[in-house]
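These notes are about the structure you will find just below.
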Amino acid sequence: MNNSSITKTLGVCYYPEHWPEEDWKDDAGKMVELGITYVRIGEFAWSRLEPKRGTYKFDWLKRAIDILHEAGLKVVLGTPTATPPRWLVDEMPDMLPVNKDGNIRNFGSRRHYTFSHGGYRVECARIVTALANKFGSHPGIAAWQTDNEFDCHDTTLSFSPVDLAAFQNWLGQKYQSPDALNRAWGNVFWSMEIDDFSQIMLPNQTVTEANPAHWMDYRSFASDMVAEFNKLQTDILRKLSPDRDIIHNFMGRTLAFDHFKVGADLDISSWDSYPLGFLEDRSDRSEDFKREYSRAGDPDFQAFHHDLYRATSNGRWWVMEQQPGPVNWAPHNPAPRDGMVRLWALEAFAHGAETVSYFRWRQAPFAQEQMHSGLLRSNSEEAEGYGEASAVAEDMKKIDFGKLDDAPVAIIFDYASSWAWQTQPQGREFDYFRLVFDFYKGLRAKGLTVDFLPSNTDDLSPYSLVLIPGLFTFENELKAALAKFTGQVLIGPRSGSKTASFSIPDALPPDLGNTLLDMKITRVESLRSDCLIRVGSGSFKYWREFASVGKDAKVSLSGDDGQPALITQQNYSYLCGWPDEVLLDEVLEGLCKKAKLSTIDLPEGLRIVSNHGKHFVFNYSNQTHDFSKTVKGTLIYGDERIFPSGFAIVDASAI
Ligand code: GAL
């Protein structure tokens with residue numbers, strides 16, 4: 001995968017409508033002074049752009065764009081569809097989303113719409129068209145952002161009558177006949193058969209669990225609604241504002257919609273990176289770990305999303321919102337350790353980001369986010385983040401991050417698998433993100449750089465090692481790519497354990513055919529987190545599978561109860577459980593040897609990303625590390641005794 005651009009730039013998120021107009025010029029001048037190139041504006045401004053139906057007030061936005069442009073800045077204009085104004089909600093109250101318990105989610109914050117509402121889509125098309133007509137060819141507009149953070153505040157799934165009608169229609173198109181749906185879902189079970197699509201309900205308010213196939217189709221439908229909603233806007237923008245990049249800002253650990261599908265309609269994927277908020281708010285790490293890294297963030301979480309989102313739009317990606325200081329929305333909101341705001345940006349660039357844009361320019365003294373820091377304090381003094389952004393601007397003058405090359409290792413990532421295991425976890429801890437993140441952390445601890453690939457990948461040839469954890473079903477393209485692949489592959493646990501319509505495959509998992517893997521999974525068990533199965537030098541935790549192994553495959557590792565744990569046939573291996581850190585390391589070490597991949601055992605908290613023979617080294621830990629013996633090569637930036645929050649570059653091309 002190649003990154004088409006190697007020019008790196010800084011950006012900032014700005015809300016001209018929050019500040020007196022006489023300040024805009026000074027703000028723009030100061031942004032330029034700081035080294036900012038891109039300014040994202042407008043994404044929540046609908047009530048100021050159209051205070052009444054059809055009364056457009058675009059003049060203030062024009063003046064803001066002119067000022068930014070004249071100062072030499074490039075504008076990313078957001079479409080305001082994440083915040084429909086009150087008058088619009090009054091006109092069509094059934095556009096409001098409904099939560100799983102059947103309660104309406106009301107006006108008064110943001111994201112108060114359901115993606116499937118036809119009338120709301122028409123309104124979005126109208127405001128996007130009006131904005132694109134007005135600003136589409138303005139020389140200051142460099143790019144567009146569609147909406148803001150799809151799924152933020154859990155808004156992909158909605159359970160209103162409008163969603164029900166759209167779901168019935170979606171099912172009608174997919175299955176054509178109620179009978180086909182009955183067969184695919186297995187509705188004979190518990191007399192769930194229907195004879196008209198209008199009899200299908202949403203799966204949220206059943207007496208006990210709804211059919212998992214019902215949930216899976218509902219999840220795919222909801223994901224498709226997001227992709228359609230985004231595409232409606234990108235189609236308009238492409239037509240009316242040609243040659244401008246179209247971007248959306250994704251979030252961290254958000255799996256409710258298929259980002260590959262949305263990304264296919266974008267030029268650039270971006271995401272909003274809040275390392276400290278995420279560690280507090282959406283991490284499975286232990287309390288000790290969270291305490292240790294509370295001012296730095298998880299050393300693998302940001303990198304994971306950089307690598308994942310890079311894959312969703314063909315290699316071009318940004319950080320649209322970068323945490324600049326304490327945020328307001330996590331259970332605790334500590335200040336970053338000195339140097340971390342700089343490190344996060346440099347890390348993103350090393351993973352191929354074209355732009356890192358800080359959220360936000362100035363702290364707002366009013367409303368919901370008044371406790372969220374900015375680069376400036378609410379009184380316009382420079383905040384701590386300002387100095388760090390300025391240090392990044394200096395670094396950028398000296399560092400060549402290079403064009404990003406393919407990584408040696410790839411992980412298949414699949415959103416539908418996450419819905420599958422949420423629908424049927426079978427054991428409380430079985431969470432797809434957690435499983436894939438464990439594999440990713442295992443690779444990173446060995447100094448390996450990773451790419452993600454979607455589940456319909458048809459070419460694995462650039463890679464030496466491919467990991468496929470927890471993939472619920474194998475698509476034909478991937479099966480064909482695997483059959484041709486000569487590198488090492490690690491499959492499982494739980495991969496290929498369902499058909500596309502969520503049944504157990506006739507041949508039993510992993511259902512890849514005997515020529516690839518002559519084995520089948522005959523029984524599975526989920527485990528309490530304090531019940532481990534010893535395997536090699538480590539253990540299986542949470543999940544273990546029992547396998548029957550055919551003549552062409554061999555058992556490479558067994559549990560201490562004698563059951564197969566790792567099964568190998570030529571270059572394919574199947575892992576019959578969820579490995580702990582030690583076991584995963586042992587398995588990966590073996591596979592890396594076979595794949596002739598050199599590894600570096602990094603101390604916890606020290607992380608690298610490698611590109612064209614250069615290692616970019618980041619210290620998330622609270623300790624100073626001397627890495628000269630671990631990361632070999634010639635130091636070309638920074639210091640070998642790397643301080644907490646430190647950054648260095650080692651040239652290893654001669655090794
Ligand atoms: C993001 C969002 C921004 C702002 C920010 C606060 O999720 O896109 O609008 O709310 O969080 O951290």
Side-chain angles (χ1 to χ4, degrees), residues 11-19 38-48 76-84 108-113 143-156 226 230 233 247-257 259 262 266 268-283 297 301-302 305 309 317-336 340-341 344-345 348 355-378 383-385 389:
V12 77
C13 303
Y14 183 54
Y15 299 89
E17 69 276 24
H18 295 179
W19 312 107
Y38 286 96
V39 188
R40 185 199 63 181
I41 63 172
E43 81 278 12
F44 298 128
W46 199 334
S47 71
R48 287 297 171 97
V76 179
L77 185 54
T79 67
T81 53
T83 48
S109 62
R110 61 179 172 184
R111 302 213 56 75
H112 40 282
Y113 68 85
W144 293 85
Q145 176 186 293
T146 54
D147 200 278
N148 187 76
E149 288 189 338
F150 293 140
D151 194 53
C152 186
H153 318 303
D154 294 325
T155 45
T156 297
V226 179
N230 180 65
Q233 301 197 12
I247 314 178
H248 178 75
N249 54 336
F250 296 136
M251 296 198 308
R253 198 171 180 167
T254 300
L255 295 99
F257 66 90
H259 291 49
V262 171
L266 302 172
I268 300 176
S269 286
S270 73
W271 80 289
D272 297 345
S273 176
Y274 291 93
L276 305 192
F278 291 145
L279 183 63
E280 269 283 309
D281 192 50
R282 50 188 72 178
S283 162
F301 194 89
Q302 287 63 250
H305 291 85
Y309 294 139
W317 74 278
W318 291 17
V319 171
M320 187 62 90
E321 298 181 12
Q322 176 65 67
Q323 176 166 359
V327 299
N328 63 306
W329 44 263
H332 307 97
N333 298 293
M340 285 313 298
V341 172
W344 295 327
T355 298
V356 174
S357 163
Y358 287 96
F359 182 92
R360 51 185 278 158
W361 176 242
R362 186 187 291 103
Q363 183 167 354
F366 46 78
Q368 281 93 328
E369 293 181 351
Q370 52 187 270
M371 300 303 287
H372 193 299
S373 51
L375 294 182
L376 301 184
R377 301 189 212 294
S378 51
E384 290 70 5

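We count ligands from 1, going down the list as the structure has it; atoms in each ligand are counted the same way. What you see below is based on every heavy atom in this structure, not just the backbone, and it leaves out hydrogens, waters and symmetry mates.
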CZ/Arg40 to OG/Ser357 distance, rounded to the nearest 0.5 angstrom? 6.5 Å

Would you say Glu321 and ligand 1 have an N/O pair spaced under 3.5 Å apart? yes

Atom 5 (C) of ligand 1: which protein heavy atom is closest, and how many Å away? Tyr274 OH, 3.3 Å

Could you give the distance from CZ (Arg110) to CD (Glu149), rounded to the nearest 0.5 Å? 6.5 Å

Please report whether the ring centroid of His305 lies less than 6.0 Å from that of Phe250. no

Determine, stepwise, if the pair Phe278 / Arg253 fulfils side chain to side chain contact (heavy atoms under 4.5 Å, CB included). CA-CA 9 Å; Phe278 291 145; Arg253 198 171 180 167; over 6 Å; no

Using a 4.0 Å cut-off to any heavy atom of Glu149, which atoms of ligand 1 qualify? 1 (C), 2 (C), 7 (O), 8 (O)

Which atoms of ligand 1 have any heavy atom of Asp272 under 4.0 Å away? 8 (O)

So for His372 against ligand 1, with non-hydrogen atoms under 4.0 Å, the contacting part is side chain

As an exercise, identify every atom of ligand 1 less than 4.0 angstrom from a heavy atom of Trp329. 6 (C), 12 (O)

Tightest non-hydrogen contact, residues Tyr113 and Ala82, listed as CE2-CA, 4.0 Å

Does Asn328, backbone or side chain, put an N or O under 3.5 Å from an N or O of ligand 1? no

Closest approach of Ser378 and Arg362, non-hydrogen atoms and distance? O-CD, 3.6 Å

Numbered atoms of ligand 1 (with element) below 4.0 Å of Phe44, judged on heavy atoms: 9 (O)

Which residue holds the protein heavy atom closest to atom 9 (O) of ligand 1, what is that atom called, and what is the gap in Å? Arg110 NH1, 2.9 Å

Determine whether a donor-acceptor pair (N or O, by modelled atom type, separation under 3.5 Å) exists between the side chain of Arg48 and the backbone of Gly42. no

Under a 4.0 Å heavy-atom limit, does Glu369 contact ligand 1 with its side chain, its backbone, both, or neither? side chain

